[in-house]
Amino acid sequence: MKVMAAVAVFVLLTGLAWGAGDAEKKAPSPAQKAQQEKMKTCNAEAGKQELKGDERKKFMSDCLGAKAAPATQQDKMKTCNAEAGKQALKGDERKKFMSECLKAGK
């Protein structure tokens with residue numbers, strides 16, 4: 001019985017330790033967010049078309065590999081500015097975020 005109790009405690013503590021790391025994850029970059037949105041859009045379209053198996057794989061590959069028209073500087077500014085607003089960034093934090101966000105789009 002002591003062994004089972006020890007195993008249960010170990011499993012509980014291990015699970016808590018793994019869960020603690022979740023809170024420390026940093027937010028996805030603008031490029032990662034864009035990729036996530038693209039995946040959602042492609043997945044939704046594949047679902048609408050009721051694609052399965054190899055057809056779905058090919059569609060997803062083509063959809064995710066499709067290059068969007070290059071964003072203009074004005075588009076990048078709008079996107080980065082909106083994201084900075086969502087995060088309620090001010091002052092130096094906002095300047096740093098905007099700089100990194102605009103560079104990420106290049």
Side-chain angles (χ1 to χ4, degrees):
M1 280 304 228
K2 288 183 181 180
V3 173
M4 288 178 60
V7 170
V9 169
F10 174 76
V11 169
L12 178 63
L13 292 176
T14 304
L16 291 174
W18 285 338
D22 292 343
E24 296 174 10
K25 289 182 182 176
K26 64 180 188 175
S29 71
Q32 290 169 326
K33 285 183 182 182
Q35 181 67 13
Q36 289 170 350
E37 288 301 315
K38 193 172 188 181
M39 289 183 75
K40 286 180 190 177
T41 302
C42 292
N43 196 39
E45 185 60 33
K48 285 180 191 175
Q49 294 181 26
E50 299 180 358
L51 299 175
K52 305 274 186 216
D54 289 341
E55 284 182 336
R56 185 181 185 93
K57 287 179 186 177
K58 178 163 180 12
F59 173 83
M60 290 296 289
S61 178
D62 292 344
C63 184
L64 293 171
K67 298 285 184 190
T72 65
Q73 186 67 18
Q74 187 175 8
D75 291 338
K76 291 179 199 173
M77 286 291 288
K78 285 181 185 178
T79 302
C80 293
N81 196 40
E83 185 60 35
K86 285 181 193 173
Q87 294 181 26
L89 299 175
K90 305 251 186 250
D92 289 340
E93 284 182 347
R94 186 180 187 97
K95 286 179 188 176
K96 182 180 179 200
F97 173 83
M98 290 295 289
S99 176
E100 290 174 1
C101 182
L102 292 170
K103 287 178 188 174
K106 291 183 179 181

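Quick note: numbers below take in every heavy atom, side chains included, and nothing from hydrogens, waters or symmetry partners. Since the model is a prediction, treat every value here as computed from it, not as a measurement.
- Between Gln73 and Leu102 the shortest heavy-atom distance is NE2-CD2, 4.0 Å.
- Every residue two or more places apart in sequence or in another chain was checked for a salt bridge (Lys or Arg N to Asp or Glu O under 4.0 Å) with Lys90, and none qualifies.
- Here Leu89 contributes atom CG and Lys95 contributes atom NZ; the two are 13.0 Å apart, rounded to the nearest 0.5 Å.
- Screening residues 46-55 for side-chain hydrogen bond (donor to acceptor under 3.5 Å, both in side chains) gives Glu45-Gln49 as the qualifying pairs, with residues at least two apart or on separate chains.
- Counted within 6.0 Å of CE on Met98, heavy atoms from surrounding residues, nucleotides or ligands total more than 12; the atom is thus considered enclosed.
- Ser29 pairs by the side chain to side chain contact (heavy atoms under 4.5 Å, CB included) definition with Ala31, Gln32, not counting sequence neighbours.
- In terms of heavy-atom proximity, Arg56 sits nearest to Gly47 at NH1-N, 3.8 Å.
- Taking CD from Gln74 and CE from Met77, the interatomic distance works out to 9.5 Å, rounded to the nearest 0.5 Å.
- In this structure, Thr79 contributes its side chain and Asp75 its backbone to a donor-acceptor pair below 3.5 Å.
- Applying the side chain to side chain donor-acceptor pair (under 3.5 Å) criterion to Lys58, with sequence neighbours excluded, gives Asp62.
- Residues passing the side chain to side chain contact (heavy atoms under 4.5 Å, CB included) test with Met39 are Gln35, Leu64, sequence neighbours excluded.
- Contact check for Glu37 versus Lys33: no side-chain heavy atoms found under the 4.5 Å cut-off.
- Annotation: disulfide bond (SG atoms under 2.5 Å apart) contacts involving residues 27-62, sequence neighbours excluded, comprise Cys42-Cys63.
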